[in-house]
Structure formats: C-alpha cells, structure tokens
Colleague: 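My questions will all concern the structure given below.
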Amino acid sequence: MLMPLPATLRRLVTEYEALTATGGDTTAAANLRLTDLSYTLCVSTGTRDITDALDTARSYLAETEAAHAAAPNTVLQCRTIPAVSKPADNAVLRQKAGEWHHNGRRLVAGSDAQPAAGAA
C-alpha cells in the first residue's frame, strides 16, 4: 500500500490533533470533520483504528523527516506497508451497468462465477 505525501499526512494529523485538543466542547460540524479525518487517516495508513493510524502516520513522518535530513537533495523512495487483511466473507457479487462484478473484477461471459438466482 502506498503512503500519502508526507505534507498531506502531516496536515491530517495536525488537524486531527487540533480538533481533539478542544475536548468535548465541539460543534456538530467539528464532530463531522473529526469523523472524516479519522476515516481518512485510517484509509491513508492502511489501518482500522484511529490510534493505530496516528501511530503509523507519526512513525512514517519521523522516517521521512530523518531521511530528508540525512540526504536533503535525494528523492525519497516510496514506502509501502502491508495491507490490512480483509474478512473472508467479503466476497461480493454485484451487477454494475448490466455487467456482473465479483470483488471489483468484471466477469466475462463463460466465466465460472454466475449470479445467484434472483440476485440483482
């Protein structure tokens, strides 16, 4: 999984920390933004929990800052982290625009997977 740009990740972490620093005195708009930030941080770091997302983000930012300090004129290599394993029961058979899709892949005529009777 590719990591986002360090500047983007730093902005997300900073905004999340600023919103959580206000404590429980938040508006509905602030709560919605906090939920959006939590989701975005989890997706960006390949985690499912905001605590893990923040730990992963901070670790990644520390690594990139250290690498940049050591060699400021070099291009940093992309870092990947392992994808979060998905539950086995997430296989999905859907019909999109008249074509059948299984886990995001378009099924072609004559393939082994067939839609269940009555599935739409």
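The shown structure was predicted, so the numbers you read here are calculated from the model rather than taken from an experiment.
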Colleague: Can you see which heavy atom on Pro4 is nearest to which on Ser44, and at what distance?
Modeller: CD-O, 3.4 Å

Colleague: Quick one: OG1 on Thr47 to CG on Leu41, what's the gap to the nearest 0.5 Å?
Modeller: 8.0 Å

Colleague: Is it true that Glu17 and Arg58 have a side-chain N and a carboxylate O under 4.0 angstrom from each other?
Modeller: yes

Colleague: Name each donor-acceptor pair under 3.5 Å that joins a side chain in residues 5-15 to protein atoms two or more places apart or in another chain, with its distance.
Modeller:
from: Arg10; atom 1: NE; to: Glu65; atom 2: OE2; distance (Å): 3.4
from: Arg10; atom 1: NH2; to: Glu65; atom 2: OE2; distance (Å): 3.0
from: Thr14; atom 1: OG1; to: Arg10; atom 2: O; distance (Å): 2.8
from: Glu15; atom 1: OE1; to: Arg33; atom 2: NH2; distance (Å): 3.0
from: Glu15; atom 1: OE2; to: Arg33; atom 2: NE; distance (Å): 2.7
from: Glu15; atom 1: OE2; to: Arg33; atom 2: NH2; distance (Å): 3.4

Colleague: With sequence neighbours excluded, tell me which residues meet side-chain contact (heavy atoms from CB on, under 4.5 Å) with Asn31.
Modeller: Thr26

Colleague: Can you list the residues that meet the side-chain hydrogen bond (donor to acceptor under 3.5 Å, both in side chains) rule with Asp36, with sequence neighbours excluded?
Modeller: none

Colleague: Just how far is it from atom CG of Leu54 to atom SG of Cys42, taken to the nearest 0.5 Å?
Modeller: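 Leu54 CG to Cys42 SG: 8.0 Å, rounded to 0.5 Å.
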
Colleague: Could you measure the distance from the CD1 atom of Ile50 to the CG atom of Leu37? Nearest 0.5 Å is fine.
Modeller: 8.0 Å

Colleague: Under the rule for side-chain contact (heavy atoms from CB on, under 4.5 Å), what residues qualify as partners of Leu34, not counting sequence neighbours?
Modeller: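 Per chain and number, Leu34 pairs via side-chain contact (heavy atoms from CB on, under 4.5 Å) with Tyr16, Leu19, Thr20.
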
